[in-house]
Amino acid sequence: RDRSVSRGLGDVYKRQYKNYPRLRVALSHRHKVYNEQLQLVDDLEAAGKITCIRPLRPLEVGRIEKDTEKLERLYEEGFTLGEAFCKEFI
């Protein structure tokens, strides 16, 4: 994914999962945890401790994409980047 920030869906969770209060709490904090994880990856990458393989161009697929051609292109791009990484570093 791109490096955009997640804003969460707190109000949606309150309505949708009103009978599951603990799930609502977990989901309401998920966007914060996600953003912290992205920041950790960026920090570790900047420090040279990890290498992150990301798409070279912005994603053209959504979270629940149904267009198999778009998904196939994204898969092929990821596979190609992974192969290039392996050839260079392994």
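Within 6.0 Å of the OH atom in Y75, the count of heavy atoms belonging to other residues, nucleotides or ligands does not exceed 12. Heavy-atom neighbours of E69 CD from other residues, nucleotides or ligands within 6.0 Å: at or below the threshold of 12. Within 6.0 Å of the CZ atom in F89, the count of heavy atoms belonging to other residues, nucleotides or ligands exceeds 12.
We find the CD-CD1 distance between E83 and I90 to be 11.5 Å, quoted to the nearest 0.5 Å. Between E72 atom CD and D67 atom CG the span is 11.0 Å, to the nearest 0.5 Å. Going from atom CG of L38 over to atom SG of C52 covers 9.0 Å, rounded to the nearest 0.5 Å.
Note: the hydrophobic cluster containing I53 does not contain L74 (ILVMFWY, side chain heavy atoms under 4.5 Å, direct or indirect links).
Heavy-atom minimum distance, R73 versus E60: NH2-OE2, 2.5 Å. When all heavy atoms of L81 and P55 are compared, the pair lying nearest together is CD1-CA, 3.9 Å. The two atoms that bring E65 and L71 nearest to each other are O-CD1, 3.7 Å, heavy atoms only. Pairing each heavy atom of E45 with each of I50, the nearest pair is N-CG1, 3.6 Å. Shortest non-hydrogen contact noted between V61 and K70 is CG1-CB, 3.7 Å.
Using a 4.5 Å cut-off on side-chain heavy atoms (C-beta onward), L40 and Q37 make no contact. Within the 4.5 Å cutoff, no side-chain heavy atoms of Q16 are placed close to those of L27.
Side-chain contact, Q39 with D43: a donor N or O sits under 3.5 Å from an acceptor N or O.
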